[in-house]
K.L.:
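Dropping a structure here in structure tokens format, bear with me for questions.
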Amino acid sequence: MSIFSPRVFSGMQPTGNLHLGNYLGAMLNWVKMQESNECIYCVVDMHAITLWQEPKALHQAIRDVTAAYVACGVDPKRSIIFNQSQVAEHAELAWIFNCVARLGWLNRMTQFKDKAGKDKEAASVGLYVYPNLMAADILAYKATHVPVGEDQKQHLELARDIAQKFNVDFEVEFFPQPEPMITGPATRVMSLRDGTKKMSKSDPSDLSRINITDGADDIAKKIRKAKTDMDALPSEIAGLKGRPEAENLVGIYAALGGTTAQAVLSQFGGGQFSGLKNALADLAVAKLAPIADEIAKLKADPAHIDAILADGAQRARAIAAPIVKEARKIVGFVVS
Ligand code: TYM
């Protein structure tokens, strides 16, 4: 039995629109987990500025992502929704963690290597210590469960290492070991143009991703144009091996339909891709159109969104402040 009571924390970056990867890899689980857990869902604006963001666009994106959380089914009364920069404890604890984490640990982070690209010297220092801030996000609340997509697994492992080193260094049992919750048939949604690349906001081709605000025509077009191979669909999971585009479309269908990849193959196996694609386009429109409508409604009332964020920040602070204060005491700071 853990001495820590269960608490869920997760976040998304406000850099452009959310896409199907965010929705299937993380959001579906966020919504589900609210039913029986205390959940804290953050719009991680401080993470966003590790890469340059135009201030007006960032401001808008924070509201847009908040609207998307609510439209997807996160209930701002039951769960806490807030933007990270409004709760200073994240930055405070991140500094302590900058002094706990080791350079060698950060040097192994694949996301830094991907995002910094070839010219590492030109990357911001923030991008390098990004995983320490992420650990602080989670541990400022002593969160125990973190629903994310597959790509965040390495960051979660680092958060666990930081929690453990803090506890060992200061001879306390203060921070829990947060568990990544990476579940469902689409924990890694791939680009529609290249089944070996993750679907992402930063891909220059909009055809590579389905945005949750895309209209019916765009969704249908993107699925119709999605890359496939020449063979018919297999009837068993084993037949998807080495066929990343087929595996991706089957996984997306299963996740959107609330079923399994095997059930999808039982239905479409032996047929051409066009059958699956047509059904997938209909399913995606049926699931995403109501969300897009709701986002549009919420965006028409920015004051309401700001009020959700202000209320969430206050509730988040009430949890984080005493935890971070205690962490400062443990480190040896004079705390008044
Ligand atoms: P971000 O903003 O890149 O993505 C938000 C969530 O969406 C998931 N995701 C995907 N899942 C499946 N397939 C994909 N193609 C795909 N693309 C994105 C991500 O795994 C994530 O769950 N570092 C985080 C944000 C963060 C955070 C945190 C998360 C900051 N602090 C604390 C959890 C706890 C990120 O950049 O996510």
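Indexing begins at 1, ligand by ligand and atom by atom, following the structure's order.
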K.L.:
Answer yes when D203 and R209 have at least one side-chain N-carboxylate O distance shorter than 4.0 Å, and no when they do not.
P.N.:
no
K.L.:
Counting non-hydrogen protein atoms only, what is the nearest one to atom 13 (N) of ligand 1? Give residue, atom name and distance.
P.N.:
V189 N, 2.8 Å
K.L.:
Would you check if R160 and E179 make a side-chain contact, meaning some heavy-atom pair closer than 4.5 Å?
P.N.:
yes
K.L.:
Can you confirm, on distance only, whether ligand 1 has an N/O atom lying under 3.5 Å from any N/O atom belonging to D151?
P.N.:
yes
K.L.:
Side chains of N167 and Q177: closer than 4.5 Å at any heavy-atom pair?
P.N.:
no
K.L.:
Let me check something: do L106 and L127 share a hydrophobic cluster, defined by ILVMFWY side-chain heavy atoms less than 4.5 Å apart, either directly or through other members?
P.N.:
yes
K.L.:
Closest non-hydrogen protein atom to atom 1 (P) of ligand 1, residue and atom name please, with distance?
P.N.:
Q13 N, 4.3 Å
K.L.:
Can you check which of P14, P147, A136, G149 brings a heavy atom nearest to atom 22 (O) of ligand 1?
P.N.:
G149
K.L.:
Mark up the atoms of ligand 1 that fall under 4.0 Å of a heavy atom belonging to M12, in ascending order.
P.N.:
2 (O), 5 (C)
K.L.:
Does any N or O of ligand 1 fall below 3.5 Å from an N or O anywhere on E150, backbone included?
P.N.:
no
K.L.:
Of D206, N17, N22, which is the lone residue that meets side chain to side chain donor-acceptor pair (under 3.5 Å) with N211?
P.N.:
D206
K.L.:
What protein heavy atom lies closest to atom 18 (C) of ligand 1? Include the residue and the distance to one decimal.
P.N.:
N22 ND2, 3.2 Å
K.L.:
Nearest to atom 28 (C) of ligand 1, what protein heavy atom do you find, and at what distance?
P.N.:
M134 CG, 3.5 Å
K.L.:
Students should be able to answer this: which protein heavy-atom is nearest to atom 12 (C) of ligand 1, and at what distance?
P.N.:
T187 O, 3.2 Å
K.L.:
Which residue supplies the protein heavy atom nearest to atom 31 (N) of ligand 1, what is that atom called, and how far is it?
P.N.:
D137 OD2, 2.7 Å
K.L.:
Identify whether the distance between the nearest side-chain nitrogen and carboxylate oxygen of D194 and K227 falls below 4.0 Å.
P.N.:
no
K.L.:
Test your reading of the structure: does Y130 have an N or O sitting under 3.5 Å from an N or O of ligand 1?
P.N.:
yes
K.L.:
Picking from W105, F170, F175, what satisfies side chain to side chain contact (heavy atoms under 4.5 Å, CB included) with K165?
P.N.:
W105
K.L.:
Salt bridge check, D311 against R315: does any charged N sit closer than 4.0 Å to a carboxylate O?
P.N.:
yes
K.L.:
Distance under 4.0 Å to a non-hydrogen atom of V146: what atoms of ligand 1 satisfy this?
P.N.:
33 (C), 34 (C)
K.L.:
Starting from atom 37 (O) of ligand 1, what is the nearest protein heavy atom, named by residue and atom, and what distance separates them?
P.N.:
Q152 NE2, 3.8 Å
K.L.:
Regarding ligand 1, does G11 bring an N or O atom to under 3.5 Å of one of the ligand's N or O atoms?
P.N.:
no
K.L.:
Salt bridge check: are R188 and D151 linked by an N-O gap of less than 4.0 Å?
P.N.:
no
K.L.:
Is G21 in polar range of ligand 1, meaning some N or O pair under 3.5 Å apart?
P.N.:
yes
K.L.:
Would you check, one step at a time, whether the test side-chain hydrogen bond (donor to acceptor under 3.5 Å, both in side chains) holds for T66 with N83?
P.N.:
CA-CA 8 Å; T66 306; N83 60 314; over 6 Å; no
K.L.:
So is there a nitrogen or oxygen of K198 less than 3.5 Å from a nitrogen or oxygen in ligand 1?
P.N.:
no
K.L.:
In terms of atom number and element, which parts of ligand 1 are under 4.0 angstrom from non-hydrogen atoms of G25?
P.N.:
11 (N), 12 (C)
K.L.:
For the residue pair V129 and F97, establish whether any side-chain heavy-atom pair is separated by less than 4.5 Å.
P.N.:
no
K.L.:
Would you check whether M199 has a nitrogen or oxygen atom less than 3.5 angstrom from a nitrogen or oxygen atom of ligand 1?
P.N.:
yes
K.L.:
Give a yes or no answer on whether the side chain of Y41 reaches the backbone of M27 with a donor-acceptor pair at less than 3.5 Å.
P.N.:
no
K.L.:
Ignoring angles and geometry beyond distance, decide whether A26 reaches within less than 3.5 Å of ligand 1 through its nitrogen or oxygen atoms.
P.N.:
no
K.L.:
Quick one: does H19 get a heavy atom under 4.0 Å from ligand 1?
P.N.:
yes
